[in-house]
S.K.: 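Please see the structure below; I have some questions.
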Amino acid sequence: MRIPGLLALAGAALALSLAASAQTKTTLLVYTALETDQLKAYQEGFNKAHPDIEIKWVRDSTGIITAKLLAEKANPQADAVMGVAASSLALLDKNGMLEPYRPLNFDALMSKYVDKKNPPAWFGMDVWGATVCFNTVEAKKKNIPKPETWKDLIKPVYKGQVVMPNPASSGTGYFDVTAWLTLFGDDNGKGGGWKYMDALHENIGQYTHSGSKPCNMASAGEYVVGISFEYRANANKAKGAPIDLVFPKEGLGWDLEAFAIHKGTKKLDAVKKLADWASSKDAMLLYGKNFAITAQPGVAQPLANVPADYEARLVKMDFAVAAANRERVLAEWTKRYNAKSEKR
C-alpha cells in the first residue's frame, strides 16, 4: 500500500531535478545579422561544447541591428553581438558599448581581421564581400551583356535592371558604398565615387533593406543584376538559380562578420565561453562552409564559383574610418538616392 506514495515521492524528486537542471542553464541574448540558414549550425556547434548555455537570437540586417544597439545604449539588452559587420562594431566601440576581451584562440586569428587594441574590443569570424548575381536567362531575353566591372553597370543597357542593398539598413550595401568611395573618390560628397553612384542610380530599379534580397530577386528573374555577396550568390547558384557570379575587376567591397561582448552583460562568464568558441577552429570550420575566407587562416575550403584570388581582390578597408564616416556617408546617400528604396 506504500508504493503509490513512493512513486509520488519519486515523481516529485524527478520534477525537482528537472527544474533545477533547467535553472542551471544560462540564456544569452545575442544580436546578429547572420543569415537565418546559418544560425542553426552555429548554435548546434556551440551547444556541443556548452550544452548548459542557450542562445536567444535577435536577427535583422546589419544596419537595423546597429541602429537598434545604438538606440539601446542607455538601457542595453544584448549580452553579445555575433556575425555583425566589424565596421558596425568599431562604431559601437567608439561609443563605449563593448567589453574588451581576448578570447582563448585569438593568437590563431590573422591580425588584419581583428581589433588592434589589447585587449581587443572585437574579432573577426569571416570575410563577406561583394558579388554581382547576373541572371543569364533574363539577360539573353533582353540582350543584356554580362558585366565585368562596376563601371559597366552605369551603361544605358542596364537601365532599370539593377537592384542593390540600401547601405543604411544593409552591411552589404554599406561596404559597396565604402568601396566605391575608396576606389573612385569621396571628397565629402563631390568625388568620383558619388558621381559613380549618381550614374548607377539612373539604372537602379530598387534599393532593398537586405543584402541577400538583390541576389534572390536576380535569381528569380525579377531583375537581371543583383548586387549582393558571395555566400548568398553561391548558395542560390548551388540550388539551381540561373545566375553567374561576377566579381568586378576594380575591386570588391567587403566587411568582416565579427564578434563582440556587449558592455554591461550580467552573464560575462557565459559570454566569454561563446567568444572562446566563436574564435575556435571548430567554429571557423563551420564559417568556412559558407565563406571563402575565415579569420583563422588555412581553414576555409575553396568554394565553387569563387575565384582562388578572391582575397587579393578586396579593396583596402579601415574599419575605424568606415565607422567614423558612417553617419556622414549615409546622410548624403539617403538625401540623394533614398526615393528608390523599397517600403518597409
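Quick caveat, the model's predicted, so the values are computed rather than measured. What you see below is based on every heavy atom in this structure, not just the backbone, and it leaves out hydrogens, waters and symmetry mates.
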S.K.: Any chance you could lay out the side-chain contact (heavy atoms from CB on, under 4.5 Å) test for K272 and I261, step after step, and finish with the verdict?
M.R.: CA-CA 8 Å; K272 285 182 177 179; I261 298 175; 4.1 Å; yes

S.K.: Indicate yes or no: at least one non-hydrogen side-chain atom of I64 is less than 4.5 angstrom from one of S169.
M.R.: yes

S.K.: Are I293 and V84 in one and the same hydrophobic cluster, where Ile, Leu, Val, Met, Phe, Trp and Tyr link if side-chain heavy atoms are under 4.5 Å apart?
M.R.: yes

S.K.: Test of understanding: with salt bridge (charged side-chain N to carboxylate O under 4.0 Å, His left out), list the residues that count as partners of D152, not counting sequence neighbours.
M.R.: K155

S.K.: One pair to check against side-chain contact (heavy atoms from CB on, under 4.5 Å): V225 and F134. What are the steps and the verdict?
M.R.: CA-CA 5 Å; V225 173; F134 179 72; 4.0 Å; yes

S.K.: State, with a plain yes or no, whether a side-chain heavy atom of L330 is found less than 4.5 Å away from one of Y174.
M.R.: yes

S.K.: So, taking the atom named CD in E230 and the one named CG in N305, what distance separates them when rounded to the nearest 0.5 Å?
M.R.: 11.5 Å

S.K.: Could you list all the ring pair (Phe, Tyr, Trp, His ring centres under 6.0 Å) pairs where at least one residue sits in residues 320-344, not counting sequence neighbours?
M.R.: H201-Y337, Y207-W333, W333-Y337

S.K.: Mind listing the closest non-hydrogen atom pair of M110 and P297 along with its distance?
M.R.: CG-CD, 3.8 Å

S.K.: Any chance the side chains of E35 and S212 put a donor and an acceptor closer than 3.5 Å?
M.R.: yes

S.K.: Given side chains that start at C-beta, do those of Q296 and S279 come closer than 4.5 Å, heavy atoms only?
M.R.: no

S.K.: Please find the pair of heavy atoms, one from A130 and one from W150, that lie closest to each other, and give the distance.
M.R.: CB-CZ2, 4.0 Å

S.K.: For L104 and D276, which heavy atoms make the closest approach, and how far apart are they?
M.R.: N-OD1, 3.0 Å

S.K.: Go through the steps to decide whether K335 and E332 satisfy the test side-chain contact (heavy atoms from CB on, under 4.5 Å), and finish with yes or no.
M.R.: CA-CA 5 Å; K335 180 177 70 176; E332 182 69 25; 3.4 Å; yes

S.K.: Would you say the side chain of M125 lies within less than 4.5 Å of the side chain of M82, judging by non-hydrogen atoms?
M.R.: yes

S.K.: In chain order, what residues pass the salt bridge (charged side-chain N to carboxylate O under 4.0 Å, His left out) check against D107, with sequence neighbours excluded?
M.R.: R102

S.K.: How many angstroms lie between OG1 in T334 and CG in N166, if you round to the nearest 0.5 Å?
M.R.: 6.0 Å

S.K.: So with a 6.0 Å cut-off around CD of E148, is the heavy-atom count from everything else above 12?
M.R.: no

S.K.: Is any side-chain heavy atom of D282 less than 4.5 Å from a side-chain heavy atom of K48?
M.R.: no

S.K.: Side-chain contact, heavy-atom cut-off 4.5 Å: Y287 with E257?
M.R.: no

S.K.: Could you tell me which residues satisfy side chain to side chain contact (heavy atoms under 4.5 Å, CB included) with K151, sequence neighbours excluded, listed by chain and number?
M.R.: T149, F184, Y196, E250

S.K.: Is it true that F259 and L256 fall in one hydrophobic cluster, defined by side-chain heavy atoms closer than 4.5 Å?
M.R.: no

S.K.: State whether the number of non-hydrogen atoms from other residues, nucleotides or ligands found under 6.0 Å of K116 atom NZ is greater than 12.
M.R.: yes

S.K.: Determine, step by step, whether D52 and T24 satisfy the side-chain contact (heavy atoms from CB on, under 4.5 Å) criterion, reporting the C-alpha distance in whole Å, the side-chain angles of both residues, the deciding distance to 0.1 Å, and the verdict.
M.R.: CA-CA 7 Å; D52 57 329; T24 60; 5.8 Å; no

S.K.: Quick check for you: to the nearest 0.5 Å, what is the distance between N216 atom CG and S210 atom OG?
M.R.: 7.0 Å

S.K.: For residues 301-330, which residue pairs pass the ring pair (Phe, Tyr, Trp, His ring centres under 6.0 Å) check, not counting sequence neighbours?
M.R.: W122-F319, F247-Y310, W254-F319

S.K.: To check you understand the geometry: which heavy-atom pair defines the closest contact between G211 and P165, and what is its length?
M.R.: CA-CG, 3.9 Å

S.K.: Answer yes or no: does atom CG of D309 have more than 12 heavy-atom neighbours from other residues, nucleotides or ligands under 6.0 Å?
M.R.: yes

S.K.: For L28, check side chain to side chain contact (heavy atoms under 4.5 Å, CB included) against everything at least two apart and list the hits.
M.R.: T26, V30, I53, D79, K267, A270, V271, L274

S.K.: Can you list the residues that meet the salt bridge (charged side-chain N to carboxylate O under 4.0 Å, His left out) rule with K340, with sequence neighbours excluded?
M.R.: none

S.K.: Ignoring hydrogens and angles, tell me if any N or O in the side chain of D176 forms a donor-acceptor pair with the backbone of G253 under 3.5 Å.
M.R.: no

S.K.: State, with a plain yes or no, whether a side-chain heavy atom of D60 is found less than 4.5 Å away from one of K68.
M.R.: no

S.K.: Taking all heavy atoms of V315 and all of A179, pick out the closest pair and write down the distance.
M.R.: CG2-CB, 4.0 Å

S.K.: Any chance you could pull the hydrophobic cluster mates of M217, using side-chain heavy atoms under 4.5 angstrom and chaining through other members?
M.R.: V163, Y223

S.K.: Answer yes if V137 and V132 sit in the same cluster of Ile, Leu, Val, Met, Phe, Trp and Tyr residues linked by side chain heavy atoms under 4.5 Å apart, and no otherwise.
M.R.: no

S.K.: Just jot down the side chain to side chain donor-acceptor pair (under 3.5 Å) partners of S87, sequence neighbours excluded, or say none.
M.R.: D255

S.K.: For residues 89-96, which side-chain N or O atoms pair as donor and acceptor with protein atoms under 3.5 Å away, sequence neighbours left out?
M.R.:
unit_1 : atom_1 : unit_2 : atom_2 : d
D93    : OD2    : K117   : NZ     : 2.5
N95    : ND2    : L91    : O      : 2.9

S.K.: Any link between V81 and Y42 through a network of hydrophobic side chains (Ile, Leu, Val, Met, Phe, Trp, Tyr) touching at under 4.5 Å?
M.R.: no

S.K.: The criterion is side chain to side chain donor-acceptor pair (under 3.5 Å); which residues satisfy it with Q161, sequence neighbours excluded?
M.R.: none

S.K.: How close do T62 and G171 get, heavy atom to heavy atom, and via which atoms?
M.R.: CB-N, 3.3 Å

S.K.: Are F106 and Y101 near enough that their ring centres are under 6.0 Å apart?
M.R.: no

S.K.: Checking R232 side chain against C133 main chain: does a donor-acceptor pair fall under 3.5 Å?
M.R.: no

S.K.: Using atom types as modelled and distance alone, determine if a side-chain donor or acceptor of D115 lies under 3.5 Å from a backbone N or O of A121.
M.R.: yes

S.K.: Quick one: pull up NZ in K146 and OG1 in T136 and give me the separation to the nearest 0.5 Å.
M.R.: 8.5 Å

S.K.: With a 4.5 Å heavy-atom cut-off, do N105 and F123 have their side chains touching?
M.R.: no

S.K.: Which Ile, Leu, Val, Met, Phe, Trp or Tyr residues join F291 in one cluster when any pair of side-chain heavy atoms under 4.5 Å counts as a link?
M.R.: W128, F175, F229, Y231

S.K.: Starting at CD1 of I65, measure out to OG1 of T32 and round the result to the nearest 0.5 Å.
M.R.: 7.5 Å

S.K.: Hey, are D126 and K289 close enough for a salt bridge, meaning a charged N less than 4.0 Å from a carboxylate O?
M.R.: no

S.K.: Find out if a path of hydrophobic residues (ILVMFWY) with successive side-chain heavy-atom gaps under 4.5 Å connects V127 to L109.
M.R.: no

S.K.: Atom CG in L252, atom CZ in R313: separation rounded to 0.5 Å?
M.R.: 7.0 Å

S.K.: Within the distance-only criterion (no hydrogens, no angle test), does the side chain of H209 pair as donor or acceptor with the backbone N or O of E342 below 3.5 angstrom?
M.R.: yes

